[in-house]
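Below is one structure, written out as structure tokens, with a few remarks after it.
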Amino acid sequence: SSVSPPTSSFSSPPPVSHFIGRKEDIVRAGRVTQLVNGCRDVLVLHHQGQLYAMDKHCYHAGGALQNGDIEEFNGLLCIVCPWHKYKITLAEGEGLYQAVDNPTARPLRTHWRSKGVKQRIHKVAEVNGDVYVTLNDSGEAIESDVYQTEKYRTMFQAV
Ligand code: FES
């Protein structure tokens, strides 16, 4: 189901928010997945008092992010894809990788670096205990878009 935020004086149509569920249910479950607007598989997470929403299928190969662990890297909360352990920041959808500054130094010192935004993050908001997602429809391509076609959604339905 959908609701529109109050109309404003802007000429472009207001973005549409999609009802996901009651916050208490999402907090209890920790994470829920939903096909939003009939076109987007979205994962909504509740972690340490915060709600997050992102594409459900991992940008790398379509992994089931709803089954990933949440861990912190460089002070950034990430979901760790259960398929090949890619790390994706919850707030921005950045892919992180481990970089080595000097491969000859011992001990090896590694750092987590960003590959840039790889996973599409959506806006999530709570209104009177109801949680809504507004799809991020920015025109720029983001790698996780690849797994949001009808073909992949059908293929991944079972996972
Ligand atoms: Fe997510 Fe490969 S599919 S890490």
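A quick note: this is a predicted structure, and the numbers were derived from the prediction, not measured. Counting starts at 1 for both ligands and their atoms, following the listed order.
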Short list, please: which atoms of ligand 1 are under 4.0 Å from a heavy atom of [X]?
X	value
Cys81	1 (Fe), 3 (S), 4 (S)
Gly63	3 (S)
Ala61	3 (S)
Tyr86	4 (S)
Trp83	3 (S)

Exercise. Can you tell me how far the CD atom of Glu72 sits from the CH2 atom of Trp112, to the nearest 0.5 Å?
Worked result: 13.0 Å
For this session: Fit a plane to each ring of His60 and Tyr86, take the angle between them on a 0 to 90° scale, and name the class: parallel (under 30°), tilted (30 to 60°) or perpendicular (over 60°).
Result: parallel
Exercise. Hey, which N, O or S atom on His60 ends up closest to atom 2 (Fe) of ligand 1?
Worked result: ND1
Problem set entry | Ser114-Glu94 side chain donor-acceptor pair, cut-off 3.5 Å | yes
Exercise. For atom 2 (Fe) of ligand 1, what is the nearest protein heavy atom, given as residue, atom name and distance?
Worked result: His84 ND1, 2.0 Å
For this session: Starting from the C-alpha separation in whole Å, work towards a yes-or-no answer on salt bridge (Lys or Arg N to Asp or Glu O under 4.0 Å) for Asp145 and Arg40.
Result: CA-CA 9 Å; Asp145 295 346; Arg40 200 91 194 170; 2.8 Å; yes
For this session: Please lay out, stage by stage, how Asp130 and Arg22 fare under the test salt bridge (Lys or Arg N to Asp or Glu O under 4.0 Å).
Result: CA-CA 5 Å; Asp130 289 333; Arg22 292 288 297 165; 2.8 Å; yes
For this session: Heavy atoms only: give me the nearest Leu135-His122 pair and the separation to one decimal.
Result: CA-ND1, 3.5 Å
